[in-house]
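One structure is given below, encoded as structure tokens.
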Amino acid sequence: MPELPEVEVVRAGLERHVVGARVVGVDVLHPRPLRRDARGPEGFAAALTGRTIAGARRRGKYLWLPLDDGDALLAHLGMSGQMLVQPGDAVPEKHLRVRLRLEGAADARNLHFVDQRMFGGLSLSEGGAALPAEIAHIARDPLDPDFDEDEFAARVRRRASGIKRQLLDQNLVSGVGNIYADEALWRAGIHGERPGERLTRTQVLALLGHAREVMTDALAQGGTSFDALYVNVNGESGYFDRSLHAYGRADEPCDRCGTAIRRVPFMNRSSYFCPACQPVPRRRRVMTAGTAPLD
DNA sequence: AGGGGATCCTGTTTGC
DNA sequence: TGCAAACAGGATCCCC
């Protein structure tokens with residue numbers, strides 16, 4: 001599942017392989033990944049044809065390719081999206097959804113948007129070269145030098161919402177997904193259901209530091225594919241096998257204290273945590289039906 | 001307004 | 001063996 005490190009690997013690969021290329025044709029094999037583009041599949045294809053890719057940028061889990069005229073091709077990988085740079089005669093992947101035929105870059109090939117589950121997508125953003133308006137609401141990510149830690153801590157501490165939900169709120173901080181959220185919380189020794197307003201500023205900043213660290217570590221390992229011909233991301237960076245302490249480790253011993261890692265449902269997915277290192281917050285007293293209200 | 005749950009997708013895994 | 005349910009989850013939408 002592409003979170004920030006995986007998307008950054010893709011961005012770097014695109015920068016290397018497709019910047020300078022001109023789009024000479026667009027083949028739309030499935031309309032769904034273009035649902036965010038008001039032009040529709042045909043309009044998207046027509047509008048993109050003839051443009052030249054001028055760069056490759058990223059914010060959080062979004063990436064965009066600025067075009068030479070100030071517009072941008074905006075992309076999100078969703079959960080299963082891939083951007084593959086392929087030779088012109090490549091056999092289409094099973095889940096190939098959109099193919100950009102390229103010409104003119106140093107090693108011009110075709111760019112394939114492959115996405116099994118199609119939570120991801122592409123769109124053409126008018127005037128979006130610097131920052132697409134469609135993602136203006138997405139916060140900076142922890143690896144962005146302009147990320148404002150003080151503001152982040154202040155906002156988190158103003159909300160009653162659980163800290164994991166806040167970590168996943170792309171309006172507060174971007175790039176963190178379910179996996180790295182659990183890992184950062186494990187490293188910080190904080191339970192994801194702790195209300196933001198009950199954390200100290202120091203705790204929030206430490207947690208943010210752990211999130212940054214776990215993503216930097218993953219990036220360092222995923223970075224080995226920078227030189228690969230194909231820009232690829234499928235969540236199998238190798239990082240997952242070696243370095244995860246919490247995510248996906250239900251019933252396995254905690255690497256820090258040996259207590260069995262627990263899995264609980266969370267937002268239609270799962271949260272993993274160590275019940276000893278990350279104690280479940282005590283519920284505040286709730287009025288029960290039989291309790292007389294205070295006068 | 002903030003909080004929290006539902007929804008979209010498809011392929012794989014698990015369970016009866 | 002076969003079918004159905006559960007599961008994976010980023011972003012958005014909707015209701016309270």
Side-chain angles (χ1 to χ4, degrees), chain A residues 1-8 10-11 29-38 41 58-64 74-83 93-98 113-123 125 132-142 154-185 192-199 211 215 218 233-237 239-241 244 246-251 262-272 281 283-284 286:
Chain A
M1 307 67 192
E3 299 183 29
L4 185 154
E6 292 77 22
V7 178
E8 173 57 22
V10 172
R11 188 209 62 77
L29 290 88
H30 197 297
R32 179 151 181 87
L34 299 175
R35 66 193 178 284
R36 299 277 168 210
D37 195 308
R58 181 189 59 75
R59 174 176 284 198
K61 302 168 195 170
Y62 281 91
L63 48 90
W64 70 97
L74 179 62
H76 195 287
L77 301 175
M79 331 175 17
S80 55
Q82 297 171 278
M83 296 280 229
E93 296 83 0
K94 184 176 180 187
H95 300 294
L96 176 62
R97 308 304 189 188
V98 181
F113 181 74
V114 176
D115 191 2
Q116 178 201 113
R117 283 173 242 186
M118 295 188 289
F119 278 35
L122 304 175
S123 62
S125 172
E134 294 87 341
I135 61 168
H137 64 289
I138 300 290
R140 292 182 187 275
D141 58 66
R155 291 180 70 184
V156 164
R157 298 184 65 229
R158 280 201 294 267
R159 295 174 185 238
S161 196
I163 184 60
K164 181 171 176 183
R165 188 177 252 273
Q166 297 205 54
L167 271 181
L168 297 179
D169 183 346
Q170 305 295 302
N171 297 291
L172 283 174
V173 53
S174 68
V176 184
N178 198 43
I179 295 169
Y180 296 122
D182 277 0
E183 291 303 304
L185 288 163
E193 287 168 23
R194 290 272 296 280
E197 64 184 7
R198 303 186 50 149
L199 295 172
M215 291 196 292
V233 62
N234 52 18
E236 295 170 10
S237 66
Y239 183 77
F240 297 93
D241 295 332
L244 295 183
Y247 183 82
R249 297 197 59 226
D251 303 326
R262 284 196 57 197
R263 170 190 171 278
V264 295
F266 171 77
M267 288 174 77
N268 277 345
R269 57 212 69 175
S270 298
S271 284
Y272 300 88
R283 279 194 168 254
R284 280 196 280 187
V286 178

Rounded to whole Å, please give me the gap between [atom1] in [X] and [atom2] in [N].
X: Leu34(A); N: dC8(B); atom1: CG; atom2: P; value: 20 Å
X: Ile138(A); N: dT12(C); atom1: CD1; atom2: C1'; value: 11 Å
X: Arg155(A); N: dA1(B); atom1: CZ; atom2: P; value: 14 Å
X: Phe266(A); N: dA11(C); atom1: CZ; atom2: P; value: 14 Å
X: Leu63(A); N: dA11(C); atom1: CG; atom2: P; value: 11 Å

(message) I need the single residue from Arg269(A), Glu183(A), Lys164(A) that forms a side chain to side chain donor-acceptor pair (under 3.5 Å) with Asn178(A). Which is it?
(response) Lys164(A)
Just to confirm, is there a sub-4.0 Å distance from OP1 or OP2 of [N] to any side-chain nitrogen or oxygen of [X]?
X: Tyr180(A); N: dG10(C); answer: no
X: Ser270(A); N: dA8(C); answer: yes
X: His137(A); N: dA11(C); answer: no
X: His76(A); N: dG10(C); answer: no

Residue [X], side-chain heavy atoms: nucleotide from [options] that is nearest:
X: Phe119(A); options: dC7(C), dC8(B), dG3(B); result: dC8(B)
X: Arg159(A); options: dG3(B), dG11(B), dA11(C); result: dG3(B)
X: Arg117(A); options: dA8(C), dG10(C), dG11(B); result: dA8(C)
X: Asn268(A); options: dA6(B), dT12(C), dA8(C); result: dA6(B)
X: Glu3(A); options: dT7(B), dG10(C), dA8(C); result: dG10(C)
X: Gln116(A); options: dG11(B), dG10(C), dA8(C); result: dG11(B)

(request) For Arg158(A) and for Lys94(A), locate the closest nucleotide of DNA chain B by heavy-atom distance; then report the residue assigned to the nucleotide nearer the 5' terminus. (result) Arg158(A)
(message) Any residue in residues 161-173 of chain A with a heavy atom nearer than 4.0 angstrom to DNA chain C? Just list them by number, or reply none.
(response) Gln170(A)
(request) Would you please name every residue forming a side chain to side chain contact (heavy atoms under 4.5 Å, CB included) with Ser123(A), sequence neighbours left out? (result)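 For Ser123(A) the side chain to side chain contact (heavy atoms under 4.5 Å, CB included) partners, ignoring immediate neighbours, are Arg36(A), Asp37(A), Leu74(A).
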(request) Pick base, sugar-phosphate or nothing for Tyr62(A), based on heavy-atom distances below 4.0 Å to the nucleic acid. (result) sugar-phosphate
(request) Under 4.0 Å between any heavy atoms, over every strand shown, what does Arg36(A) touch: base, sugar-phosphate, or nothing? Just pick one. (result)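 Sugar-phosphate, no base atom in range.
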(message) Would you say CZ of Arg155(A) has more than 12 non-hydrogen atoms from neighbouring residues, nucleotides or ligands within 6.0 angstrom?
(response) yes
(request) Answer yes or no: are there more than 12 heavy-atom neighbours, outside Asp251(A) itself, under 6.0 Å from its atom CG? (result)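 Count not over threshold, so no.
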(message) Within this structure, what is the CZ-CH2 distance for the pair Arg11(A) and Trp64(A), rounded to the nearest 0.5 Å?
(response) 10.0 Å
(message) For Tyr272(A), give me all partners under ring pair (Phe, Tyr, Trp, His ring centres under 6.0 Å), at least two apart in sequence or on another chain.
(response) Tyr247(A)
(request) Without swapping roles, check the side chain of Glu3(A) against the backbone of Tyr180(A) for a donor-acceptor pair under 3.5 Å. (result) yes
(message) If you compare all heavy atoms of Arg194(A) against all heavy atoms of Leu199(A), which two are closest, and at what distance to 0.1 Å?
(response)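 Reported closest heavy-atom pair: NH2-CD2, 3.4 Å.
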